[in-house]
Amino acid sequence: EKGGIGFDDYGGELELYDLNITKEGANNSPTLLGSLKTSTRFGSIAWSTASGASSGIDGSNVTSSGILAGGLLDGTVNLWKPSSIMNDLPDATLASVTLPNNNNDNNTNNSSAAAAVSTLKFNPHPDSRHLLATGTSSGHVYMMDCTTPESTNIYSPGGEGTKSQGGEITQVSWNSQVSHILASSCANGTVVVWDTRQKKPWCELRCEANCPVSDMKWNPTQGLHMMTASEGGGGHLRLWDLRASTSMPLTTLEGHAGGVLSMDWCPHDETLLVSCGNDNRTLLWDLYSLQPIAEVPNEDVAVGSAAAAGSNGNASDPSSIYGGGLSSSQQKRNDVQWSPLRRGVISTCSFDRKIQAHSVVGLATKCGRPPKWMSPGSGVSCGFGGVVVSIEAQQKVVKIDTTVEHPELVEASEKFETEFAATDCITYCHTMAERAEDDYESQVWSFMQIMFETDAREQLLNYLGFDPEKINQAAMEFNEDGSNPSDAEPIPAMSKDAENAVKDALLVGNFEAAVECCFRSGNYADALVLASCGGAELWAKTQA
């Protein structure tokens, strides 16, 4: 319908739907929220979700639902309030503006006919969302200042006297990084990049001679990268780097058998692109490999083909007229777009006026890596002493914070470090033992003090009540029941007294006394075992 008003024009109708794609359950069919009729058919629509002072749009008559713009085939641009359309209120129309008639630049036969509005686009930058770019079938580009919708200002991005681009404007697109850069593609195969501040063209791309540029998009993250789509038989997608050349593309993507009708760059992952073409295919591209990684299925085409095959050319079947090709042509998709809010969701529109929403999350993973919206946007790691390290993908900075969960513990730790740094371990433990509030705490600190002494083993034995001299004397003079050792006969088991004497001797490390006690108690085998642990001299002495 963008080419002009053909045959009888019975007007157009605008309908707003809630797709209910976030609702669970089987009953999630789209819900009609509101509709309105226009005097003529639509050429393009655009929606700005901004309102209020921050966006530059007067918020007195505009709610949070923003402004809806519709470009009609009679050269009129209408501005509506979506909230009023959804509530069926009479104040839905904010303004109706007719674009200047510049058909004389195209040398058309019917110069009095108004040029159709072929494309619309609101500026996506927060400080310029009140600017609406429009393109017409006569090849002119206009900008509309919607700061006050009731009195819209219309002007050309190239200033007064700007000539036609030479064919129908097929697409306008605002630069993703610079708010005053606008691009317009034309049916004559050119793309003009406008500097709206200087009011002159910044550069011009000549994509392909006499081959219409059907669509054009900026890279979401690189302001000097652009993708163009050709409607010619080659079906090429061309990637341009404006820093390198305006006559030779950086690379060419080939995958469609026919011309490309529409394409869109993913706003959430600049490595993904979706396109639809004359070959009835909707392809998802991986810009790392420059190859299509998946095809979005068109179930209606498959159903229509099956129905045509089943009719067997029956003349009474409408789909069999003209060989059944009309049905397939009507189901061809002519527009595809990524959702600006729902990640991994695209919408498609076909010539039979059917709009569909598709989830391509699963298809996007076929490139061998997860899409960027699946990558973690933030991370955190906890370290010793309450240190927390956090990262955020959007800000690209690393933050190091200290979190105090128990202030009293921090205070005690700092006090300990201060006092400990001014003295040695033995003195500090002695001081803490004297400060102890109970006997148990005092014993703990006293025990720790002994562990730092040079003769810690001897002092520890004395602290625990073991006197090496007394233990040695008791073991060396041990006598079972007071009998003479020379007359003692071997007994099968060690007595309790002998066992205690041997244990005490071993505890203080006196193997010689333990062996002597075993001899005195008649436990010769035990004496040999203990002698083997006491060194070569004790072992030889015991054997003798």
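A quick note: this is a predicted structure, and the numbers were derived from the prediction, not measured. What's counted below: heavy atoms across the whole structure, side chains too, no hydrogens, waters or symmetry copies. Positions are given from 1 along the sequence.
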For the pair L272 and W338, evaluate side chain to side chain contact (heavy atoms under 4.5 Å, CB included) and give the outcome as yes or no after the intermediate values. CA-CA 10 Å; L272 296 177; W338 289 90; 4.2 Å; yes
Apply side-chain hydrogen bond (donor to acceptor under 3.5 Å, both in side chains) to S84 and N87, showing your working. CA-CA 5 Å; S84 297; N87 296 316; over 6 Å; no
Looking only at side chains, do [X] and [Y] share a donor and an acceptor under 3.5 Å apart?
X: D269; Y: T271; value: yes
X: W174; Y: S179; value: no
X: D215; Y: Q171; value: yes
X: T427; Y: D424; value: yes
X: T282; Y: R333; value: yes
X: T31; Y: N20; value: yes

Residue of the set V213, V192, T246 for which side chain to side chain contact (heavy atoms under 4.5 Å, CB included) holds with L205: T246
Expected output: side-chain [X] to main-chain [Y] donor-acceptor under 3.5 Å:
X: S521; Y: C517; result: yes
X: S446; Y: S442; result: yes
X: T196; Y: P157; result: no

Do the side chains of R520 and E516 get close enough for a salt bridge, i.e. N-O under 4.0 angstrom? yes
Y428 and F416: aromatic ring centres closer than 6.0 Å? yes
As an exercise, state the distance from [atom1] of [X] to [atom2] of [Y], rounded to the nearest 0.5 Å.
X: Q222; Y: L239; atom1: CD; atom2: CG; answer: 10.5 Å
X: D526; Y: F519; atom1: CG; atom2: CZ; answer: 11.0 Å
X: S275; Y: W285; atom1: OG; atom2: CH2; answer: 5.5 Å
X: H125; Y: N175; atom1: NE2; atom2: CG; answer: 6.0 Å
X: I85; Y: L89; atom1: CD1; atom2: CG; answer: 10.0 Å
X: M86; Y: K81; atom1: CE; atom2: NZ; answer: 11.5 Å

Run the numbers on R369 and D286 for side chain to side chain contact (heavy atoms under 4.5 Å, CB included), then give the verdict. CA-CA 10 Å; R369 63 183 184 279; D286 175 25; 2.6 Å; yes
Verdict with reasoning, M263 to M227, per side chain to side chain contact (heavy atoms under 4.5 Å, CB included): CA-CA 9 Å; M263 61 93 182; M227 187 76 72; 3.7 Å; yes
Is there a side-chain hydrogen bond (donor to acceptor under 3.5 Å, both in side chains) between T221 and N219 once you walk through the steps? CA-CA 6 Å; T221 58; N219 188 318; 3.2 Å; yes
Check step by step if salt bridge (Lys or Arg N to Asp or Glu O under 4.0 Å) holds for E499 and K503. CA-CA 6 Å; E499 183 179 352; K503 286 182 178 179; 3.3 Å; yes
